[in-house]
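Heads up: the structure comes next, in structure tokens.
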Amino acid sequence: MQPSLTFFTPKHQSLLQTQSPLFTCKFVVNPAKKTVPRNPLPLLSPPAPSRSPPHPEVVGPMVQRERSNVLVPQHPNYPVHLNRFQKLAAVALDKIETSVIMRLEKNHVLPKMVDPAVQISGNFAPVEECPVHHGLEVVGRIPACLRGVYVRNGANPMFVPSGGHHLFDGDGMIHAVSLGPGNKASYSCRYTRTSRLVQEVRFGRCMFPKPIGELHGHLGLARLGLYMARAGLGLVDGSHGTGVANAGLVYFNGRLLAMSEDDLPYHVKITGDADLETIGRFNFNNQIDCPLIAHPKLDPVTGDLHSLNYNVLKKPYLKYFRFDKFGRKSRDLHVDIDQATMIHDFAITENFVVIPDHQMVFKLSEMIRGGSPVVYNKNKTSRFGVLQQNDVVGSGIQWINVPNCFCFHLWNAWEEISDTGDKIIVVIGSCMNPPDSIFNESKDTFRSELSEIRMNLRTRQSTQRVIVSGMNLEAGQVNGQYLGQKTRFVYLAIADPWPKCSGIAKVDLQTGKVTKFMYGTRRYGGEPFFVPDKKQTCNRNGNEDEGYIMGMVRDEKEEMSEMVIVKGSSMEQVAAIRLPSRVPYGFHGTFISQEELRRQVI
């Protein structure tokens, strides 16, 4: 039995006929050591509209999604375009997977960080797509300046993993809340139709290796070899990318782009009915052929989009480039680093790009020795590279050591002049300890502390201080109109109990004062997104905190999901939109105004 073909556009249908043996793969992190049931969770017909939230039914080690017209294949699905030899080869490779690889995996106990029973349980469990629901219940009043669509990305695995699974491995799903006049709101959520997902839906199960949950040690090499064999026989095609597009979202030059650093971005259109439609992989009009990291930076003054690309296999390990406001790309600038390094985020100032070179590195040889290809290198000294944006060759980059610093996310950076006339680069980020907390279990207590790093470009000396101690602060924003400029406020998720988020912290960077908005008992959210009041857009000398913070919240007691809107200056809730279905905890989001949507590239 085949999944519903309504999942596929004509472009996706033609993609499925491609049988190129080309192969690409992302190496990221850590163990895959145990198997779970392989029954796929196929894309199903959308549920009928409902005003009341559905109640998940717990089935086995994970929370299943509610479904109508359930179609669960009991046997592998082989696409009709395969020839007889390919089908025989597919059966043989499936037998190797089930009888050899999965049997060996059963002998290993999975760490919590890659155990599907942990990683996709509760409100981390996947949901089905939801068509547009209009006329949602609104408690309070939606501010008049918020006319547009809030979109948030996240990981939502389509199929039950056959091996280990990390939260970052799931297929990308975007949740959209449209805000209109008359206190009206609507909601929808859709998978981003990546090349990987389209192919796996056709087979009815996982066919690509999980880059974090499975590519670890000798069994990770076995799964990689299995994938390469399938690709070589034309069963799957990696030439159109293998990414999941589940992390970042950026709206640039009329396009909403879904990002993950293992692939090119995917262009997703917001329809006139506030629905979501995947257009396809976006290579900036044939200007790039490499992945972008999940956190490009949009300069609010110039309109330029700055980005990085890192390569785990060969030099140059790191490249910097940018696109001007018209989408024209600069030349690649190779950044000289000694080894492949995980660089999830970076920062910009008015004149510089600030690039972290921290202690999480890629060593693929560790897989041969039975370990993870991503390693916490304790012998490496963390540093930041400060690069002039107008540098055409990269030789002028200044490296400044910042020991014992690992910032998975950076919130802002700017330039200052010291009392002695030296140029200082100030970086605001959350320093995480232990550095590999996201990927490995540790006996040490998890900490993510908001910190200020100051680097003197003349002396190449640095200082580091914790702004807020005793509170885990992760995932957040500054007022985007001040990105690259000195800011006073930052809005961050209170990551407690980790990995859930119990509220929002507004931090005054000048005084260290913290103003909290707590979600309440057994209510948790994620990244808060700050939207400036449009009345302030022409006056960057106005009140920086004039605007609103929005984000998704799950009430685990009442089994209800909603989007809350909090006033930035007072940190008081002004509105909440009750959502028609469960929204899992996710990653990053953005807000697209009505004016921006009118200029959307169709």
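Note that the structure is a prediction, hence the values are computed from the model and not measured. All values below come from the heavy atoms of this structure, side chains included, with hydrogens, waters and symmetry mates left out.
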Met563 and His175: CA distance, side-chain angles, deciding distance, side chain to side chain contact (heavy atoms under 4.5 Å, CB included) verdict: CA-CA 11 Å; Met563 188 184 85; His175 301 260; over 6 Å; no

Show your working on side chain to side chain contact (heavy atoms under 4.5 Å, CB included) between Ile397 and Asp336 and close with a plain yes or no. CA-CA 9 Å; Ile397 190 168; Asp336 187 24; over 6 Å; no

Test side chain to side chain contact (heavy atoms under 4.5 Å, CB included) on Tyr548 and Cys145 and set out the steps. CA-CA 9 Å; Tyr548 297 90; Cys145 65; 3.6 Å; yes

Given the rule in the side chain to side chain contact (heavy atoms under 4.5 Å, CB included) test, do Phe408 and Glu474 qualify, once you have shown the distances and angles that lead to the verdict? CA-CA 9 Å; Phe408 198 59; Glu474 251 295 340; 4.2 Å; yes

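By the 4.5 Å heavy-atom criterion applied to side chains, Pro356 and Ile343 are counted as neighbours. Annotation: side chain of Ile293 is not in contact with side chain of His344 (no heavy-atom distance under 4.5 Å). In this structure, the side chains of Leu146 and Met550 come closer than 4.5 Å at one or more pairs of heavy atoms.
Across every non-hydrogen atom of Gln464 and Pro403, the tightest pair is OE1-O, 3.6 Å. Scanning both residues, Gln287 and Gly327, for their nearest heavy atoms gives NE2-O, 2.7 Å. Between Asp324 and Asp304, the closest heavy-atom pair is CA-OD1, 3.2 Å.
Within the structure, salt bridge (charged side-chain N to carboxylate O under 4.0 Å, His left out) pairs that include any residue of residues 246-255 do not occur (at least two apart or interchain). Annotation: salt bridge (charged side-chain N to carboxylate O under 4.0 Å, His left out) contacts involving residues 402-428, sequence neighbours excluded, comprise Glu415-Lys423, Glu416-Arg454, Glu416-Lys486, Asp422-Arg458. Each salt bridge (charged side-chain N to carboxylate O under 4.0 Å, His left out) pair with one or both residues in residues 168-178, not counting sequence neighbours, would appear here, but there are none.
Under 4.0 Å is where a charged nitrogen must lie from a carboxylate oxygen, and between Asp299 and Lys325 no such pair does. We find that Arg465 and Glu452 are joined by a salt bridge, their nearest charged nitrogen and carboxylate oxygen being less than 4.0 Å apart.
Formation of a donor-acceptor pair under 3.5 Å by the Asp345 side chain with backbone atoms of Leu410 is found in this model. In this structure, the side chain of Gln510 does not engage the main chain of Arg488 through any donor-acceptor pair within 3.5 Å. For the pair Ser382 (side chain) and Cys405 (backbone), a donor-acceptor distance under 3.5 Å is present.
With sequence neighbours left out, the salt bridge (charged side-chain N to carboxylate O under 4.0 Å, His left out) criterion links Arg147 to no other residue.
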Output side-chain donor-acceptor pairs under 3.5 Å for residues 496-507, partner residues at least two apart or in another chain, one line each.
unit_1 : atom_1 : unit_2 : atom_2 : d
Lys500 : NZ     : Glu556 : OE1    : 3.1
Lys500 : NZ     : Glu556 : OE2    : 3.0
Ser502 : OG     : Asp496 : O      : 2.7
Lys506 : NZ     : Asp545 : OD2    : 2.7
Lys506 : NZ     : Gly568 : O      : 3.0
Lys506 : NZ     : Ser569 : O      : 3.4

Please tabulate, one pair per line, all N/O donor-acceptor pairs under 3.5 Å involving side-chain atoms of residues 426-435, not counting sequence neighbours.
unit_1 : atom_1 : unit_2 : atom_2 : d
Ser430 : OG     : Trp411 : NE1    : 2.9
Ser430 : OG     : Leu473 : O      : 2.7

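Note on ring orientation: taking the six-membered ring where Trp is involved, the planes of Phe252 and Phe284 are tilted (angle from 30° to 60°).
Interatomic distance, CG of Leu318 versus CG of Asp357, reported as 8.5 Å (0.5 Å rounding). In this structure, the separation between CG on Leu450 and OG on Ser469 is 10.5 Å, given to the nearest 0.5 Å.
Atom CG of Asp338 has 12 or fewer heavy atoms from other residues, nucleotides or ligands within 6.0 Å. Atom CG of Asn404 sits in a sparse spot, with 12 or fewer heavy atoms from other residues, nucleotides or ligands closer than 6.0 Å.
The aromatic ring centroids of His358 and Phe384 lie less than 6.0 Å from each other.
Between Phe321 and the options Leu333, Leu308, Asp332, Leu305, a side chain to side chain contact (heavy atoms under 4.5 Å, CB included) holds for only Asp332.
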